[in-house]
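Single-structure report; data block below.
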Amino acid sequence: MGSEAAIHVLLISFPAQGHINPLLRLGKCLAARGLFVTFSTTEDAGRDIRNANNIAEKFVAPVGDGFLKFEFFDDGLQDDDPIRKNLGDHTKHLEVVGKRFVSQMIKKHAESNQPISCIINNPFFPWVCDVAEEHGVPSALLWIQSTAVFTAYYHYHHKLVSFPSHDQPYIDVNLPSVTLKHNEIPDFLHPFSPFPILGTVILEQFKNLSKPFCILVDTYEELEKDFISFFSKSMCIRPVGPLFKNPKARMGGSNIRGDMITKSENCVEWLNSREPRSVVYISFGSLVYHPQEQIDEIAHGLLESEVSFLWVLKLPPKDWNVKPHVLPEGFVEKTAERGKVVQWSPQEEVLSHPSVACFVTHCGWNSTMESLASGVPMLTFPAWGDQNTNAKFIVDVFGAGIRLGYSQAENKIVNRDEVKKCLLEAMVGEKAEQLKQNALKWKKAADDAISDGGSSDRNLDAFVEDIKNRGAAALNVISSINNNNNNNKIPY
Ligand code: UDP
């Protein structure tokens, strides 16, 4: 371990797959640059991660010149605790136990030879930067959605433009560089949102935006130039993506993954047996759960279009109290020659496989980045939140997709004819070729951004320099406080 490995960074993630993946990927990139990274989320998410990826309890692994360690915190709740079923109550509970944990971690490590130099969180844990500030430790935020979505929340929080309200629910929103229709904004900001609590939690982060010294974004300069330059005049914002593809995160043979569900066997082997650009990949991320009727229509669309497919039909998320989906009678037998249905896939590998032609996606930002940066066109099927905005960008701005589904707030079912028509349009003919060329253009730009000296590579280097400089200053403050045995708050 080099001397720089003494620099210790603590990452705190909200316990959801779409949050854990990008923060863990960032952790690997930082470790590869010689830092000691402790990745943390709740113990029950940690248990799932350990089980799904065969990771030992006290896990520490070398990555490049540094190390990555997992350390999870107990949320003190039984599996069947009713708090888990209410998102608002659960989030508040996690704030109480999480604050205690982060505080203890800072104190424990301040007394050891590995004091924490920087804490990084993702957006559903906006209180992390408060705890960091109280202890005089610098903090940074990893924004895990697009910069366009960041722009929407920022403008909403600062009341810079008009947003839909109960009086005017259908107005357009005029953001710099783009106008979004009422159903294209992140719908947690819409008065009819099915999950307003999530809007509230994310907006808490915007109240705290002056506390992190830097906002890292899992995007890349080429993809979102206008939005990034809008903010770079007033804050330190650094696009560092696509994190999943960063070659340095794989240094030392590291393949540490944060899946919370065990991957189904043989997805890649099965893809190896298919023709190039012949398979439709279908997945709606870790949370979106469609009504059974929608699953029936997708299944019939697949039957009638006669395309090959790899379909992730996951079990319902824990605590959701819904029945597992069933496929139409005879579906599996009729499609045995050309289709595979699994419960969880190694999605990054699937999307980079030459047999995959297109991706029917719920447009979570991770899935969107993984698809674009792999050069795979998409059929957009958003359900809620930022997915609606991402779908608009995939189709109208990036030119890499066809609109297929509607947000769940619209309460519409896409029928089998529409599914068949869009699948064929995305796979063969002029439109398919145009989408593929655009997707390949974004893949090339992503590869450039993460290569040596590319924009994201430079931003990560600059961020590590920031940590070293600020961390060293903070450590001096902390050690002088420890020496004086003074418990006052430290202005950082
Ligand atoms: N994912 C996966 N296998 C699957 C489905 C999803 O590995 O079968 C991963 C995917 O690669 C992505 C994450 O789970 O990194 C989902 O994040 P996203 O932001 O797309 O959606 P969310 O689950 O947060 O709605």
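Counting convention: from 1, in listed order, for ligands and their atoms alike. Everything numeric here is computed off the predicted structure, so don't read it as measured data.
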ask   = Where do G27 and V37 come nearest, in terms of heavy atoms and distance?
value =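 Smallest heavy-atom distance, with atoms named: O-CG2, 3.6 Å.
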message = Using every non-hydrogen atom in the two residues, find where L303 and R338 come nearest and quote the distance to one decimal.
response =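 Shortest heavy-atom contact: O-NH2, 3.3 Å.
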ask   = Any idea which atoms of ligand 1 are less than 4.0 Å away from a heavy-atom of Q17?
value =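 Result: 14 (O).
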task = Give the ring-plane orientation class for Y153 versus W143, where under 30° counts as parallel, over 60° as perpendicular and anything between as tilted.
result =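 Perpendicular.
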query = Around atom CD of E275, are there more than 12 heavy atoms of other residues, nucleotides or ligands at under 6.0 Å?
reply =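 It does not: E275 CD has 12 such atoms or fewer within range.
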Any heavy atom of [X] closer to ligand 1 than 4.0 angstrom?
X    : answer
H362 : yes
E348 : no
E349 : no

Heavy-atom distance to [atom]: which of [options] wins?
atom                    : options                : result
atom 23 (O) of ligand 1 : A52, C363, G285, S286  : S286
atom 3 (N) of ligand 1  : S283, G364, S345, S264 : S345
atom 6 (C) of ligand 1  : W384, F244, W344       : W344

request  = Check for a donor-acceptor pair, side chain of R416 on one end and backbone N or O of A299 on the other, with a separation under 3.5 Å.
outcome  = no
inquiry  = Using only atom types and a distance under 3.5 Å, with no angle test, would you say the side chain of S371 pairs donor to acceptor with the backbone of V376?
reply    =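 A pair under 3.5 Å: yes.
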inquiry  = Measuring centre to centre across the rings, with the benzene-like ring taken for any Trp, is Y156 within less than 6.0 Å of Y154?
reply    = no
Geometric N/O contact N366 with ligand 1, under 3.5 angstrom =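 Yes, there is a polar N/O contact under 3.5 Å.
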ask   = For N21, is at least one N or O under 3.5 Å away from an N or O on ligand 1?
value = yes
